[in-house]
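As structure tokens, the structure follows; a few thoughts come after it.
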Amino acid sequence: MMHKKVMVLDDMYLDRFIAQQVIAQCGFAEDIILLESVAEALIYLRSQENTPSELPEIIFVDIQMPVMDGFDFLEQFNALSEKITKNCAIVMLTSSIDPRDEKRATQQKNVSHFMAKSLDKEKLQELTLLLEKKGLPKK
């Protein structure tokens with residue numbers, strides 16, 4: 001399943017680079033938006049509010065980031081217009097082994113999935129099946 005656009009939100013250059021390479025090699029998305037801060041991601045999403053076709057279908061969000069973390073992003077994302085939130089599936093990524101992070105993430109509104117870093121072909125296949133079952137996102 002090829003997605004038109006996905007976003008990778010992660011403060012670590014290497015993690016963004018790996019995600020970009022895996023997504024591209026697997027043909028998972030035509031366009032990959034790489035951002036390193038919550039502020040950048042929110043600006044981008046708000047700028048596309050009236051053009052839902054330009055919103056990322058999937059947003060991969062790192063939980064552990066400085067200044068504003070993945071949970072801060074979720075709080076801000078949930079407050080955005082439904083024009084945005086209904087068009088984007090959120091996938092929380094982490095290198096944390098703390099089970100509380102997974103529990104907290106999966107209990108959040110608008111979080112479609114939680115997975116450990118780094119992305120790989122098998123994780124993208126798993127995500128594709130999961131999103132197909134949930135019917136998310138539809139464009």
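Every value quoted in this text rests on a predicted model; they were computed, and no experiment measured them.
Shown here are the salt bridge (charged side-chain N to carboxylate O under 4.0 Å, His left out) partners of K4, two or more places apart in sequence or in another chain: E54. In this view, D11 satisfies the salt bridge (charged side-chain N to carboxylate O under 4.0 Å, His left out) rule with no residue, not counting sequence neighbours. Applying the side-chain contact (heavy atoms from CB on, under 4.5 Å) rule to L34 yields the partners V8, R16, Q20, I32; only residues at least two apart in sequence or on another chain are considered. In this structure L129 satisfies the side-chain contact (heavy atoms from CB on, under 4.5 Å) test together with E132, sequence neighbours excluded. Partners of F60 by ring pair (Phe, Tyr, Trp, His ring centres under 6.0 Å), not counting sequence neighbours: none found.
Here the straight-line distance linking atom CD of Q21 with atom SG of C26 works out to 11.0 Å at 0.5 Å rounding. Atom CG of D15 is separated from atom CD of E36 by 12.5 Å, given to the nearest 0.5 angstrom.
The hydrophobic clustering, which links ILVMFWY residues whose side-chain heavy atoms are closer than 4.5 Å, places V22 and Y13 apart.
For L9 against V38, the heavy-atom pair with the smallest separation is CD1-N, 3.9 Å. Contact between V61 and G70 at its shortest, heavy atoms only, is CG1-CA, 3.7 Å. In terms of heavy atoms, A89 sits closest to S112 at CB-OG, 3.5 Å.
Put simply, the side chain of M7 does not reach to within 4.5 Å of the side chain of I58, judged on heavy atoms.
Side-chain contact check for T51 and Q48: at least one donor-acceptor pair (N or O, by modelled atom type) lies under 3.5 Å.
Results of the side-chain contact (heavy atoms from CB on, under 4.5 Å) test with D10 over D62, I63, L35 single out D62 as the only residue that passes.
The list of ring-ring contact (aromatic ring centres under 6.0 Å, His included) pairs with a residue in residues 73-102, not counting sequence neighbours, reads F73-F77.
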